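Atoms within a ligand are numbered from 1 in the order they appear, just like the ligands themselves. All values reported here derive from a predicted model rather than from experimental measurement. The analysis underlying the following values was restricted to heavy atoms, covering all of them including side chains, and did not include hydrogens, waters or symmetry mates.
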Amino acid sequence: MINNFLKTKGLIDGKARFLAVTKGKNSHEILPLLRLGHKIFGESRIQEAKLKWLDLRQEFPEIKLHMIGHLQTNKVKDAIELFDVIETLDSEKLAIQIAKQLQLISKQIDLLIEVNIGSEKNKYGVNLNEIDEFIDYCKVELQLPIKGIMIIPPKDEAPKYFFNLAYDIAKRNQLPEISMGMSNDFIQAIECGSTEVRIGRSIF
Ligand SMILES: *Cc1c(COP(=O)(O)O)cnc(C)c1O
């Protein structure tokens with residue numbers, strides 16, 4: 001059902017999971033997707049996500065919610081309570097705070113590390129020259145449930161190089177998940193080994 005819907009939008013390949021990005025969308029806009037049986041959603045802001053999903057979840061308890069926006073350390077508790085996956089672990093400070101809260105809150109979540117794949121200024125994400133060490137630190141020292149990485153390639157540049165770079169990072173660190181690909185570039189992302197595409201505009 002959902003796959004047929006996505007096929008009509010040209011959005012299915014079968015290799016990558018499809019995360020529906022619902023930031024900026026209200027419950028009325030989201031409901032058709034939920035009724036089609038779609039279960040994985042992404043939000044960028046905790047407050048906005050709470051407003052919509054605390055209610056929607058009552059009706060659709062089996063959905064999984066992913067945090068895909070920058071997370072401030074003082075919001076970690078809220079984030080862990082609300083989300084099933086946090087894709088934007090991007091600093092040591094945040095990693096320490098998440099580890100602390102996970103010990104206090106008995107909930108299982110998955111974590112992806114955001115990588116600043118284009119080494120851009122003013123962009124969140126762990127630097128390329130620190131990423132291997134950071135992954136190790138999170139896994140070994142903090143015992144965090146790191147499942148993979150998430151990237152947003154630089155705007156106005158061909159994304160393929162960055163997708164391949166992300167694939168290499170995941171591969172050499174033995175991480176199974178690579179969250180990459182958005183409305184504009186998801187086909188290439190899947191060709192480069194994405195395991196999850198995050199799509200907003202093309203489905204709404
Ligand atoms: C908004 C957003 C998306 C979805 O982008 P579209 O171009 O609307 O498909 C994906 N990932 C992140 C991190 C986003 O903020």
Side-chain angles (χ1 to χ4, degrees), residues 2 5-13 15-27 29-30 32-34 36 38-53 63-72 75-76 79 82-91 94 98 109-126 131 146-160 162-163 165-167 169-170 175 177-204:
I2 186 69
F5 170 76
L6 292 173
K7 262 183 200 148
T8 67
K9 302 259 181 188
L11 277 178
I12 206 79
D13 180 279
K15 292 191 207 112
R17 181 185 321 122
F18 155 58
L19 179 92
V21 177
T22 48
K23 64 169 186 242
K25 304 293 162 199
N26 63 35
S27 300
E29 293 167 289
I30 300 170
L33 270 179
L34 286 163
L36 277 165
H38 193 67
K39 292 188 171 53
I40 317 171
F41 295 88
E43 287 280 349
S44 302
R45 293 206 173 94
I46 291 179
Q47 277 316 109
E48 182 188 339
K50 260 193 194 169
L51 276 175
K52 291 180 260 182
W53 287 102
I63 66 115
K64 298 285 182 205
L65 206 53
H66 291 218
M67 173 62 170
I68 60 168
H70 177 64
L71 180 57
Q72 291 168 287
K75 302 256 176 73
V76 166
L82 184 64
F83 290 96
D84 302 286
V85 181
I86 295 172
E87 301 200 5
T88 45
L89 169 51
D90 60 6
S91 73
L94 189 57
I98 291 174
I109 63 163
D110 288 339
L111 297 171
L112 305 187
I113 293 171
E114 183 173 358
V115 184
N116 185 357
I117 201 76
S119 304
E120 293 174 278
K121 280 185 188 147
N122 309 319
K123 186 115 160 212
Y124 292 115
V126 176
I131 185 62
I146 306 292
K147 294 292 151 63
I149 59 169
M150 185 275 250
I151 66 143
I152 306 168
K155 267 191 209 134
D156 312 320
E157 281 187 66
K160 192 159 186 272
F162 302 100
F163 291 155
L165 209 52
Y167 182 84
I169 293 168
L175 293 173
E177 297 287 339
I178 313 171
S179 171
M180 61 184 184
M182 315 200 290
S183 291
N184 282 339
D185 55 19
F186 67 90
I187 292 174
Q188 275 178 296
I190 292 168
E191 285 167 0
C192 295
S194 170
T195 62
E196 176 185 284
V197 293
R198 310 178 306 268
I199 310 280
R201 279 170 302 145
S202 0
I203 45 161
F204 288 104

Just need the protein heavy atom nearest to [atom], so name the residue and atom and give the distance.
atom	value
atom 11 (N) of ligand 1	Arg198 NE, 2.9 Å
atom 7 (O) of ligand 1	Arg201 NH2, 2.6 Å
atom 10 (C) of ligand 1	Met182 SD, 3.1 Å
atom 13 (C) of ligand 1	Ile68 O, 3.5 Å
atom 15 (O) of ligand 1	Lys23 NZ, 2.7 Å
atom 9 (O) of ligand 1	Ser183 OG, 2.5 Å

Contact with ligand 1 for Asn184, non-hydrogen, under 4.0 angstrom:
no

Is it the case that Glu114 and Thr88 place a side-chain donor and acceptor less than 3.5 Å from each other?
no

To check you understand the geometry: which heavy-atom pair defines the closest contact between [X] and [Y], and what is its length?
X	Y	value
Gly200	Ser183	N-OG, 3.8 Å
Lys64	Asp84	CA-OD2, 3.3 Å
Phe162	Pro153	CB-CB, 4.0 Å

Does an N or O anywhere in Ile199 fall below 3.5 Å from an N or O of ligand 1?
no

Is there a polar contact between ligand 1 and Ser202, counting only N or O atoms under 3.5 Å apart?
no

Identify, with sequence neighbours excluded, every residue that meets salt bridge (Lys or Arg N to Asp or Glu O under 4.0 Å) alongside Glu43.
Lys52

With a 4.5 Å heavy-atom cut-off, do Lys147 and Val85 have their side chains touching?
no

With the threshold set at 4.0 Å, does a side-chain nitrogen-carboxylate oxygen contact exist between Glu191 and Lys160?
no

